[in-house]
There are 2 protein chains.
Amino acid sequence: MRHHRDDVVRHAIDVLDAYGLADLTMRRLAGELDVRPSALYHHFRDKQSLLAAVADELLRRGARPLAGTAWDEQVVEICSGLRDALLAYRDGAELVSTVIAFGLGASRPYDDLVAALGPAGLGDELTPTAARTLLHLVLGHTLDEQTHLQAGSAGAIGDEPRPRSDFTAGLALVVDGIRLRAVARGSARLDQGA
Amino acid sequence: MRHHRDDVVRHAIDVLDAYGLADLTMRRLAGELDVRPSALYHHFRDKQSLLAAVADELLRRGARPLAGTAWDEQVVEICSGLRDALLAYRDGAELVSTVIAFGLGASRPYDDLVAALGPAGLGDELTPTAARTLLHLVLGHTLDEQTHLQAGSAGAIGDEPRPRSDFTAGLALVVDGIRLRAVARGSARLDQGA
DNA sequence: ACCTGAACACCGTTCAAGT
DNA sequence: ACCTGAACACCGTTCAAGT
């Protein structure tokens, strides 16, 4: 049976969710598609590109429209939505972190954060910094969280699972720091929780 | 020639720095030590444990005494020192991030941050959250930075390198957010830069 | 356009046995 | 205590050739 690129990506997500990132190999994926491993190289130049496409699809599936109007509400929505998207598939956080680190894809969340931060008036220098800081927080936290959630099945010894409020609290720290800079340029109120 | 554990770790750091994390394989390391790969399993139960020991040694070499007295000075020192330690060896940030994600070692920076944050009076719930948030920022940022620094030699297309001030600015954001919570419990001044 | 067959150059890990 | 020899069960990638 013949496939095209989208079939491969869909099957790759299934393999990811069922077996984890370490077992998402070209050979295993080819096996699931009932095809020789070399056939995959017709659709993707290498494994990194495949993983980038899988990460993009995972984020696309988790995408939600923004409801809030204020920049800080939107930032919290984007970050929470990203976390939910990462948690929706096994090893989602590890996959997206890897793809972002290699700089081959998964750039949507960063772009969305930059756009949402616009009205905060941080300036052209601080806005990308703030967006990256938020992104690092979400990826790092969710990677931690997902690793600990899955610690039962894997070999790693997990200490206590993260309390539910931990993500929100960490995010609020950073948003407050950003709000302080926005305030310095004279706009939002300082004491609203994130 | 016979080695013990410390020799293996030292050679592993050399291989890491010379060839990168992807080429720090058990087989290559064994080759450098002029030993069969199976000999390494006398010293370490698996590759993860070896990497954990390498990460700990890398952090040990980068350790510096704390000069500051105020908690926010100490936090900035710890984070900057961690960044410097990670940048001192090729793929240092990726190695330490991996080891921390697996929860097998490299816990010193987290412990130091928790200790430094003590006097901020954040409480038992927020202190670990703040420490993790800082750690995620430093690891994420430095991983980004190191990837872009090394982008010339690797295949990944790096966009512009991070501006020098980016790390400091991102760190200041988070420290300000923490300071705000410390202020809420009534201690430090709010307008001191990080 | 999509795939096979066959190969190349590797991996981590185990385990009995040696000194 | 530290190591060898040999094997097991895998990897990603290339490339000529097929339909």
Side-chain angles (χ1 to χ4, degrees), chain A residues 1-16 18-55 90-91 94-95 98-99 101-105 153-157, chain B residues 1-16 18-55 90-91 94-95 98-99 101-105 153-157:
Chain A
M1 199 227 289
R2 315 196 118 198
H3 311 86
H4 26 348
R5 205 185 147 97
D6 288 353
D7 296 313
V8 179
V9 172
R10 274 193 294 271
H11 268 88
I13 292 209
D14 293 343
V15 171
L16 175 73
Y19 305 101
L21 185 58
D23 286 328
L24 175 48
T25 67
M26 299 300 267
R27 287 169 182 270
R28 180 184 270 272
L29 176 57
E32 298 283 332
L33 289 161
D34 206 29
V35 129
R36 285 334 104 202
S38 53
L40 298 177
Y41 290 83
H42 180 75
H43 302 284
F44 301 93
R45 49 202 290 280
D46 54 21
K47 190 181 179 181
Q48 284 299 334
S49 305
L50 199 177
L51 292 182
V54 174
R90 172 139 58 142
D91 290 342
E94 193 184 349
L95 170 70
T98 301
V99 169
F102 274 76
L104 297 173
S153 47
I157 301 133
Chain B
M1 198 227 288
R2 317 196 116 196
H3 310 87
H4 26 346
R5 204 185 148 98
D6 288 353
D7 296 312
V8 179
V9 172
R10 274 193 295 268
H11 269 87
I13 290 208
D14 294 343
V15 172
L16 175 74
Y19 305 100
L21 185 58
D23 286 328
L24 176 48
T25 66
M26 299 300 267
R27 286 169 183 270
R28 180 184 270 271
L29 176 56
E32 298 284 332
L33 289 161
D34 206 30
V35 128
R36 289 329 107 201
S38 53
L40 298 177
Y41 292 84
H42 180 74
H43 302 285
F44 300 94
R45 48 203 289 282
D46 53 22
K47 190 181 181 182
Q48 284 300 333
S49 305
L50 199 178
L51 291 181
V54 174
R90 163 126 77 131
D91 290 342
E94 193 185 348
L95 170 71
T98 301
V99 168
F102 274 76
L104 297 173
S153 48
I157 301 131

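Atoms considered below: every heavy atom in the structure, side chains included; atoms not considered: hydrogens, waters and symmetry mates. Below, chains carry the letters A, B, ... as their sequence lines are ordered, and counting in each starts from 1.
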**Q** When rounded to the nearest 0.5 angstrom, what distance separates CG in B:L40 from CE in B:M26?
**A**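 That separation rounds to 4.5 Å.
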**Q** Between atom CG of B:D23 and atom CG of B:L21, what is the distance when rounded to the nearest 0.5 Å?
**A**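 B:D23 atom CG to B:L21 atom CG measures 9.0 Å (nearest 0.5 Å).
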**Q** Quick one: A:L40 CG to C:dC2 C1', roughly how many Å, whole number?
**A**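 Taking atom C1' of C:dC2 as the reference, CG of A:L40 is at 11 Å.
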**Q** Quick one, give me the B/S/- string for nucleotides 9-19 of chain C, reading 5' to 3', where B means a protein heavy atom under 4.0 Å from the base and S means that only happens at the primed atoms, P, OP1 or OP2.
**A** --BBBBB---B
**Q** First locate atom CZ of A:F44, then atom CG of A:L51, and finally report the distance between them rounded to the nearest 0.5 Å.
**A**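 Rounded to the nearest 0.5 Å, the CZ-CG separation comes out at 9.5 Å.
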**Q** Give me the distance, rounded to whole Å, that separates C:dC3 from D:dA16 when you measure between the C1' atoms they each carry.
**A**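 Approximately 13 Å lies between the C1' atom of C:dC3 and that of D:dA16.
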**Q** Treating B:D91 as the side-chain partner and B:E94 as the backbone partner, does any N or O pair qualify as donor plus acceptor under 3.5 Å?
**A**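 No; zero donor-acceptor contacts below 3.5 Å.
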**Q** Can you tell me how far P in C:dA9 sits from the matching atom in D:dC8, rounded to whole Å?
**A**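 Going atom to atom, P in each nucleotide, I get 22 Å.
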**Q** Calculate the interatomic distance between B:D6 atom CG and D:dA1 atom P; express it in whole Å.
**A**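 Value for this atom pair: 16 Å.
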**Q** Please state the C1' separation for the pair C:dA17 and D:dC2 - nearest whole angstrom.
**A**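 It comes out at 13 Å once rounded to the nearest Å.
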**Q** Side-chain N or O of B:H3 versus OP1/OP2 of D:dA1: is the shortest distance under 4.0 Å?
**A**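 No, outside the criterion.
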**Q** State, to 0.1 Å, how close A:L24 and A:L16 come at their nearest heavy-atom pair, and which atoms those are.
**A**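 That closest heavy-atom pairing would be CD2-CB, 4.1 Å.
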**Q** So do A:L29 and A:L33 actually touch side chain to side chain, heavy atoms under 4.5 Å?
**A**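 Yes, side chains in contact.
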**Q** To the nearest angstrom, how far is B:L33 atom CG from D:dT4 atom P?
**A**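 Result: 10 Å.
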**Q** Atom OH of A:Y41 and atom NZ of A:K47: how far apart are they, to the nearest 0.5 Å?
**A**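 Answer for the OH-NZ pair, A:Y41 versus A:K47, is 8.5 Å.
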**Q** If pairs are Watson-Crick or G-U with both distances under 3.5 Å, what is the dot-bracket string of DNA chain C, marking crossing pairs with [ ] and pairs to another strand with |?
**A** ||.|||||...|||||.||
**Q** If you look only at distance, which donor and acceptor atoms sit under 3.5 Å apart when one is on a side chain in residues 1-12 of chain A and the other is two or more places apart or in another chain?
**A**
unit_1: A:H3; atom_1: ND1; unit_2: A:M1; atom_2: O; d: 3.4
unit_1: A:H4; atom_1: ND1; unit_2: A:D7; atom_2: OD2; d: 3.2
unit_1: A:R5; atom_1: NH1; unit_2: A:H43; atom_2: O; d: 3.3
unit_1: A:D7; atom_1: OD1; unit_2: A:R10; atom_2: NH2; d: 3.1
unit_1: A:D7; atom_1: OD2; unit_2: A:H4; atom_2: N; d: 2.9
unit_1: A:H11; atom_1: ND1; unit_2: A:D7; atom_2: O; d: 3.3

**Q** Taking NE2 from A:H42 and C1' from C:dG5, how many angstroms apart are they, rounded to a whole number?
**A**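 Going from A:H42 (NE2) to C:dG5 (C1'), I get 17 Å.
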**Q** Does A:H43 have a side-chain nitrogen or oxygen under 4.0 Å from the phosphate oxygens OP1 or OP2 of C:dA1?
**A**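 Looking at the OP1 and OP2 atoms of C:dA1, neither is under 4.0 Å from any side-chain N or O of A:H43.
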**Q** How close do B:A18 and B:R90 get, counting heavy atoms only, and between which atoms?
**A**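 Looking at all heavy atoms of both residues, the shortest contact is O-NH2, 3.0 Å.
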